**Student:** 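My structure is below; once you've seen it, I'll send some questions.
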Number of protein chains: 2
Amino acid sequence: MDSPSPRAAAAGKRQRLTAATARVLHEQGVERTTIADIARAADVPAGNVYYYFKTKDELVEAALAEHSGYLTSLTHRLDQLADPRERLKGLIATWVGQRDTAARFGCPTGTLAVELDKRTEGGLDLAAGQVIRQLLDWVEQQYRQLGVADPDGRALALVGAYQGMSLLANALRDPEIMTREGARLACELDGLT
Amino acid sequence: MDSPSPRAAAAGKRQRLTAATARVLHEQGVERTTIADIARAADVPAGNVYYYFKTKDELVEAALAEHSGYLTSLTHRLDQLADPRERLKGLIATWVGQRDTAARFGCPTGTLAVELDKRTEGGLDLAAGQVIRQLLDWVEQQYRQLGVADPDGRALALVGAYQGMSLLANALRDPEIMTREGARLACELDGLT
DNA sequence: GTCTATATTTAGATAGAC
DNA sequence: GTCTATCTAAATATAGAC
């Protein structure tokens, strides 16, 4: 279409703002990111942002929804694999594939959780935790289908290992930490009876 | 002493400010903490802080030095134990003992690392990583003395597990995650030949 | 060495023209 | 629906009286 309808243009801008917010919050953190930063990244005029989002917190919420949507599409893709063990190994491979981003900026949801958890007001302090919970639940289901003992404990261990290796890779600026830990986790999966 | 010398009083205030900064940054995060918050927590008049620390970043540096000092005294205490395996189990027990604080505010050094890593200026972006490196080095030494293979990989796994379980406990506000993961890590240590 | 008052800067948010 | 100008609030940092 050469001339998208105003409604379509508006939806496009809203989507661009959401995607840009997710990216910029990951790179700069919530507190160091200004509305102007987001507008620039989305190529939307600064004064126009408030037409689409009433407050900065609404932008943060939209970014969290974006992360949740990404996670949903990732797990749906992995669900195509027949073997739950292969699904978990696919998840680990995805993490390792993002090692350079992780070494520079950490896990998008994990770092957001750390920042939001410091808040006492606004009601977003536990919002990132819900996205992490979504991942934990999916991982637990895979262990359950594998028929191993303590599926939720194992899910905590796997997702915890991911958050931990992302934080270390980020703090030490070393993507190879993701590779090494990913290999170890895949090995452990292979060793499960 | 009823009347400490001015020099002693000054050193006392500096120490109070350092300790208060470490505590408040942990609870509120760097970006959401104001100089006034720190002054109040240290019971020092707000306008007086700048006599002791020229900038907010100097306070952040002091807090990091405090964490490093805490880590040094903790490892020195654990070094009194004869068996390196017992030292590592003592470290894990210390982590689990701090589960309520971890569930509320995360690991002091880890959450500081996440925040500082988002910075591109000021030179403090990698400072928290050095404290984490200090812990990694000590843990690696213990594995080395145990004579197991891949001591630095194992150190990454153990410290990563700690950072991961702290983040999950914090994001989900559940201290029991620390207990469960701590038990698993201690078990793994017992299983090492 | 202590403290008040204030300068400076910055960012979130809004009013209103177009 | 778009955009500029601006209000307001807050926080870092400084000047200077005591």
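A note on names: the letters A, B, ... follow the listed sequences, proteins ahead of strands, and every chain is numbered from 1. These figures come from a predicted structure and were not determined experimentally.
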**Student:** Answer yes or no for Arg14(A) and Tyr51(A): cation-pi contact, defined as NZ/CZ to six-membered ring centre under 6.0 Å and angle to ring axis within 45°.
**Tutor:** no
**Student:** Grab the CD-C1' distance between Gln28(A) and dA11(C) for me, whole Å please.
**Tutor:** 14 Å
**Student:** The side chain of Tyr50(B) is closest to which nucleotide in this list: dT14(D), dC3(C), dC3(D)?
**Tutor:** dT14(D)
**Student:** Measure from CD1 on Ile38(B) to C1' on dA11(D) and round the result to the nearest Å.
**Tutor:** 12 Å
**Student:** dT2(C) phosphate, OP1 or OP2: any side-chain N/O from Tyr52(B) under 4.0 angstrom?
**Tutor:**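 So the side-chain polar atoms of Tyr52(B) do come within 4.0 Å of the phosphate oxygens OP1 or OP2 of dT2(C), strictly under.
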**Student:** What is the distance, to the nearest angstrom, from the CZ atom on Phe53(B) to the P atom on dG1(C)?
**Tutor:** 13 Å
**Student:** Can you spot which of Arg184(A), Arg85(A), Lys89(A) makes a salt bridge (charged side-chain N to carboxylate O under 4.0 Å, His left out) with Asp190(A)?
**Tutor:** Lys89(A)
**Student:** Go through dA13(D), dT2(D), dT2(C) for me and flag the one nearest to the Thr55(B) side chain.
**Tutor:** dA13(D)
**Student:** Roughly, in whole Å, what's the span from OH in Tyr51(A) to C1' in dA15(C)?
**Tutor:**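 Computing the Tyr51(A):OH to dA15(C):C1' distance gives 16 Å.
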**Student:** Whole angstroms only, please: what is the CZ-C1' distance between Arg40(B) and dC3(C)?
**Tutor:** 17 Å
**Student:** Starting from P on dA13(C), measure out to CD1 on Ile35(A) and report it in whole angstrom.
**Tutor:**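 After rounding, the gap between these two atoms is 6 Å.
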**Student:** Please give, in whole Å, the distance from dT10(C) P to Glu31(B) CD?
**Tutor:** 15 Å
**Student:** So, are Asp152(A) and Arg180(B) salt-bridged, with charged N and O less than 4.0 Å apart?
**Tutor:** yes
**Student:** What integer distance in Å separates Lys56(A):NZ from dA10(D):P?
**Tutor:**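 That distance rounds to 15 Å.
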**Student:** Between Val44(A) and Ala36(B), just flag the one whose closest nucleotide in DNA chain D comes earlier from the 5' side.
**Tutor:**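 This one resolves to Val44(A).
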**Student:** Just verifying a value: how many Å separate Glu27(B) CD and Thr111(B) OG1, rounded to the nearest 0.5 Å?
**Tutor:** 10.5 Å
**Student:** Under 4.0 Å between a side-chain N or O of Lys13(B) and OP1 or OP2 of dT2(C)?
**Tutor:** yes
